[in-house]
**Student:** 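Quick one: structure below, then a few questions.
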2 protein chains.
Amino acid sequence: MEVYKGEKKRLYLENNSIAHLFSFQVEAFIEVHEYRRDEWIIQEGMRPDFLFYVMEGKAKIYVTHQNGKVSLINFINAHDYIGEMELLNDVYYTKGIQASTKIICFAIPFHRYRTQLLDDAKFLREMTKFLSVKATHMAAKYSQSLAFPLENRLADFILQTADEGIYKEKHVTVCDYLGVSYRHLLHVLTQFCDKNYLQKEGRNYQIKQSHSLNELAEVLKNK
Amino acid sequence: MEVYKGEKKRLYLENNSIAHLFSFQVEAFIEVHEYRRDEWIIQEGMRPDFLFYVMEGKAKIYVTHQNGKVSLINFINAHDYIGEMELLNDVYYTKGIQASTKIICFAIPFHRYRTQLLDDAKFLREMTKFLSVKATHMAAKYSQSLAFPLENRLADFILQTADEGIYKEKHVTVCDYLGVSYRHLLHVLTQFCDKNYLQKEGRNYQIKQSHSLNELAEVLKNK
DNA sequence: CTCGAAATATGAGATATCTCATATTATTCA
DNA sequence: TGAATAATATGAGATATCTCATATTTCGAG
């Protein structure tokens, strides 16, 4: 992890303003943090001292269960917040946040700004939107995970994450995200290949019949 | 559904103030709605015109999937909001909300108050707390549903909903909530009886070994 | 370059959960 | 009161998913 200092910090702040998110001056005590791929931005169970706002890069939210299973609860992208749960709630079990690419965030120290943040209608309004989307998204994932087999959820995931017709996510990550065993994920992927929805190329998969995958994925959506 | 009028309304407002939730006067155009058990407060897919604040009673949030399965996403209790997603988001698939007891709510018309609500730090602060709890709760349910079999989740549910050592929820409701088939729920309940964790009495179940259920439920929690 | 860890792969048997069929009570409402 | 509807109950076979064992390949650190 690197904390930008001096000229590097000044330059970054100048080129990436977040003044529009607040109705007060937040620049004074703000920090700019950069994390490398696979680095932990927040350790599970350890309350952070900052509210983070992601400027560039991606990350993952993890929770570890007592039976050893790990759930990838969600992905974090540019313009998402990290640590907002701890800002708002005194009691909260902190999830682990791991960078999945190089990631640069603004880090707003709680002890300097907590009071002002919680009084700022502009910030709070953005936060309600962010949280309502988050809650809705989790509710959707929850109900879908119980109502549909992996086949449908995987089809959706493949279409969402494929790049130029190529799907190349790490199996391990996908297992944690969709909540199934490695073995079963491979099963269903093989089925997709057998049906010629996908074609395996080395360790990637090329989408051959996106309409078939689409059909499977469409069922998840409520119109 | 009954809308309180005249003296009845005046009296209810007098005895149940919600002035503390806002920093502006909201009384003028507020309505008081009472719904009977099983009545739909919001129809799935139909945007409501009010933000509701539940004063007394309980309700359930439902969503219907394309394959016909129904998910009971969550329970709503006194002091919860209804319709906040629609207040905050222009695009949102509205879930169905059904009263499970007689329920009385304050109904705050969007078209009168939307702007003021979205500018009121006091209201927004409460809303962020409400939403963060909601999001956290859904995330927990989601990851637990994937990481643990029904046995654990049902034990937790029984302990949470039992009244004086007696569990008496409707099986159908529980299936929708825990996302399992009726058949399987009965299976696991029978197992609990076989192991003497529960004892069936007519259509209720008496808890005989709460420590055993506790053990099963504890595994869900992250400490 | 090499070793060990991580990621990929595959088989086989176990189990959690589902579907469907059918029967027996409760409950509601005309 | 009687008939329709909802809720409870149980059996049996299907399938979605898991666990475990094991092999191969990839890749980063020393």
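Numbered from 1 within each chain, the chains take letters A, B, ... in sequence-line order.
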**Student:** Near DNA chain D, under 4.0 Å by heavy atom, which residues of residues 159-178 of chain A?
**Tutor:**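 Contacting residues: none.
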**Student:** Would you please test K102(A) and I104(A) for side chain to side chain contact (heavy atoms under 4.5 Å, CB included) and show each step?
**Tutor:** CA-CA 7 Å; K102(A) 181 180 97 172; I104(A) 303 175; 4.3 Å; yes
**Student:** Can you tell me the distance, in whole Å, between the CG atom of L189(B) and the C1' atom of dA7(D)?
**Tutor:**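 Nearest whole value for this atom pair: 14 Å.
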**Student:** Tabulate protein N/O versus nucleotide N/O from nucleotides 13-17 of chain C, keeping only pairs under 3.5 Å, one per line.
**Tutor:**
residue	atom	partner	partner atom	Å
dT17(C)	OP1	L150(B)	N	3.3
dT17(C)	OP2	L150(B)	N	3.1
dT17(C)	OP2	H184(B)	NE2	2.8
dT17(C)	O5'	H184(B)	NE2	3.2

**Student:** Does any part of the side chain of I207(B), heavy atoms only, come nearer than 4.5 Å to the side chain of L198(B), both counted from C-beta?
**Tutor:**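 Heavy-atom side-chain distance check passes, below 4.5 Å.
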**Student:** Does E39(B) reach the main-chain N or O of M1(B) with its side chain, forming a donor-acceptor pair under 3.5 Å?
**Tutor:**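 Such a contact is found between E39(B) side chain and M1(B) backbone.
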**Student:** Is any side-chain heavy atom of I108(B) closer than 4.5 Å to one of F50(B)?
**Tutor:**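 They are not in contact (no side-chain heavy atoms under 4.5 Å apart), so the answer is no.
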**Student:** Go through Y197(A) and Y205(A) one step at a time and tell me if the side chain to side chain contact (heavy atoms under 4.5 Å, CB included) criterion holds.
**Tutor:** CA-CA 10 Å; Y197(A) 298 173; Y205(A) 294 80; over 6 Å; no
**Student:** Which label fits Y35(A) and F52(A): parallel for a plane angle under 30°, tilted from 30 to 60°, or perpendicular past 60°?
**Tutor:**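 Perpendicular: the ring planes of Y35(A) and F52(A) meet at over 60°.
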**Student:** Please list each protein N or O that sits under 3.5 Å from an N or O in nucleotides 21-30 of chain D, with the distance.
**Tutor:**
none

**Student:** Give a yes or no answer on whether the side chain of R153(B) reaches the backbone of L220(B) with a donor-acceptor pair at less than 3.5 Å.
**Tutor:**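 No; judged by distance alone, with no hydrogens or angles, the pair does not exist.
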**Student:** Report the distance from atom CG of L186(B) to atom P of dA12(D), rounded to the nearest whole Å.
**Tutor:**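 Between P of dA12(D) and CG of L186(B): 16 Å.
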**Student:** Return the value, rounded to whole Å, for the distance between atom OH of Y182(B) and atom C1' of dA6(D).
**Tutor:**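 Taking OH of Y182(B) and C1' of dA6(D), I get 10 Å after rounding.
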**Student:** In whole angstrom, give the distance that lies between atom NE2 of H65(A) and atom C1' of dC18(D).
**Tutor:**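 Roughly 16 Å, once rounded to whole Å.
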**Student:** Could you go through residues 78-85 of chain B and list every donor-acceptor pair under 3.5 Å that involves a side-chain atom there, pairing it with any protein atom two or more places apart or in another chain?
**Tutor:**
residue	atom	partner	partner atom	Å
H79(B)	ND1	Y53(B)	OH	3.0
D80(B)	OD2	N77(B)	N	2.9
E84(B)	OE2	K134(B)	NZ	2.8

**Student:** Would you find a donor on one side and an acceptor on the other, under 3.5 Å apart, between the side chain of Q66(A) and the backbone of K221(B)?
**Tutor:**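 Here the side-chain-to-backbone pair exists.
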**Student:** Taking five pairs at each end, how big is the angle between the two axes of the helix from dC1(C)-dG30(D) to dA30(C)-dT1(D), to 10°?
**Tutor:**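 Helix axis angle between the two ends: 50°.
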**Student:** Indicate every side-chain donor-acceptor pair of residues 157-178 of chain A with a distance under 3.5 Å to a residue at least two apart or in another chain.
**Tutor:**
residue	atom	partner	partner atom	Å
Q160(A)	NE2	D156(A)	OD2	3.1
T161(A)	OG1	F157(A)	O	2.8

**Student:** About how many Å separate CZ of F106(A) and CG of L13(A), when rounded to the nearest 0.5 Å?
**Tutor:**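 Between L13(A) CG and F106(A) CZ, I get 5.5 Å after rounding to 0.5 Å.
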**Student:** Any side-chain heavy atom of L213(A) sitting closer than 4.5 Å to one from F192(A)?
**Tutor:**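 Touching, per the 4.5 Å side-chain cut-off.
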**Student:** May I ask you to decide if D38(B)'s main-chain N or O and Q98(B)'s side chain share a donor-acceptor pair within less than 3.5 Å?
**Tutor:**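 Yes.
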